[in-house]
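These notes concern the structure reproduced below.
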Amino acid sequence: MTTVGHEDLGAALAEDEFVIPTYNDIGADVPEEIASQRCTYLCGNSLGPLAKRSQFLIQEELCVWATRAVEGHFDHPHGREWMTIADTVTPLLADLVGAKDKEVACMGTLTANLHLMMSAFYKPTPNRYKILCEGKAFPSDQYAFASQALFHGYDPKDAIVELGPREGEFTLRSSDVLDVIVKQGSSIALVIFSGVQYYTGQWFPMKEITEAAKEQGCICGWDLAHAIGNVPLSLHDWDVDFAVWCSYKYLNSGPGGIGGLFVHERWESNRTPQFAGWWGHDPTTRFLMPPDFSPIPGAQGFQQSNPSVLTTVSLLGSLQVFKRVGMMKPLRERSVSLTAHLEVLLRQTGFYVSSHEAAKYSPDDPPRFTIITPVERESRGAQLSLLFLPTESNVMERVLNHLKSAGVIGDERKPDVIRLTPAPLYNTKRDCERAAEVLKRAFEAISKST
Ligand SMILES: *Cc1c(COP(=O)(O)O)cnc(C)c1O
């Protein structure tokens, strides 16, 4: 292992470990001398870049497939028998979410896993049938919650309680979440939030919310799409009932990569899968093909199908990089300082206004932006969400076009938000500096032309 200083870690890893598109690759309009450098990729919250180890492992598996075919399940030249391929990543995933290995399953995809978990844990009764979640949850989650309520014969409008920010604010107050749990807890069957909110970047106080929910006798689940690999998690100790995630965001497993789920060991014997499949069956007898289903106790009993080997080794390649740097503790430290650095630079552009000012912005005010992601480090991960003003003008779109053409890749959330995410595994201070420079230039150009 190469030893590198804290400061240079991202640069070293980006060089050694990741393939990030160059300015040329993405057709950016940049000076000739930097065109062959990697672009300013600040979009790992949406799709992480390709780890070289993933590329290598996928190629190895293709080769094993070509030379061993079906035998690769049981006899693998690199010791990664396909039969047990998920075991190569499970301990690393368990480390990332703060769980025991048996509490974790590497399987399926996020939304499907969410349905599986709700089928086991959302057991509404006439007195306790509500689902408490954040307003503006990721649409797939909203659809899942509503369809689960309908499936049990409830009207989503009544069964789903959505919490939003207060008037003039952009993120939820923790105290408001906790208050609702205390006041309405006896009618709530399930409290389910995202660990880190995809739109605002807010990291919810997961431990406190879980505790409050359980005190009221509710089940508490978490969607970790934007939390896993981004912030430190302790699902077991927090006594979370279940969680689900995808792995193509901060875990860099590639588009459509394999998902995962967590079931607390407390539920090992009394929450068994209702929608069984052969991969959840006891592996010692799985291939005897017995007629009766005998589930693996815990999370892995929920597996249905044999996992995709290519996406699993792709995830493995990236998780090996996490392991190389010492997993979440050093990464989180680096993340906090990178995101703070980006925030300071953005505020210094001269076009930043406070969220307080933003709340009373009028359509005639000049183009500006604010940051709606909470300022406190314990309430955010890597991502910053920039809100462009005046809202519902075309400022966001115009800034985004400038960023894109200069090879600064963030992503838009219509109508007015751009998300910029310095991921500690491969982004650098230089990336933050370039993003802020280009954003400033974009505003200068827009201001001149209006
Ligand atoms: C990314 C994301 C999804 C995507 O769901 P898939 O099933 O992986 O397509 C769902 N929910 C949240 C909160 C997300 O951030």
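All ligand and atom numbering here is 1-based and tracks the order in the structure.
Ion pairing between a basic and an acidic side chain is recognised when a charged N comes within 4.0 Å of a carboxylate O; Lys414 and Glu412 show such pairing. In summary, Asp241 and Lys214 engage in a salt bridge, as defined by a charged side-chain N under 4.0 Å from a carboxylate O.
Atom OG of Ser46 is separated from atom OH of Tyr41 by 6.5 Å, given to the nearest 0.5 angstrom. Taking CG from Asn230 and CG from Leu224, the interatomic distance works out to 10.5 Å, rounded to the nearest 0.5 Å. If you take CH2 on Trp65 and CH2 on Trp82, they are separated by 8.0 Å, rounding to the nearest 0.5 Å. For the atom pair CG of Leu251 and CG of Leu93, the computed distance is 7.0 Å after rounding to the nearest 0.5 Å.
Of the N or O atoms in Thr111, one or more lie within a sub-3.5 Å distance of an N or O in ligand 1. Looking at ligand 1, you won't find any N or O of Ser140 less than 3.5 Å from one of its N or O atoms. Considering backbone and side-chain N/O of Thr109, none are found under 3.5 Å from N/O of ligand 1.
In summary, the atoms of ligand 1 found under 4.0 Å from a heavy atom of His226, numbered by their order in the structure, are 15 (O). Listed by number with element, the atoms of ligand 1 under 4.0 angstrom from any heavy atom of Lys249 are 1 (C), 2 (C), 3 (C), 14 (C), 15 (O). Within the listing of ligand 1, atoms 11 (N), 12 (C), 13 (C) sit less than 4.0 angstrom from a heavy atom of Asp223.
Shortest contact from atom 3 (C) of ligand 1 to any protein heavy atom: Phe138 CE2, 3.4 Å. At the shortest separation from atom 8 (O) of ligand 1 among protein heavy atoms lies Tyr248 OH, 2.5 Å. Ranking the protein heavy atoms by distance from atom 11 (N) of ligand 1 puts Asp141 OD1, 2.6 Å first.
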Working for ring-ring contact (aromatic ring centres under 6.0 Å, His included), residues His152 and Tyr129: CA-CA 9 Å; His152 287 282; Tyr129 60 90; over 10 Å; no

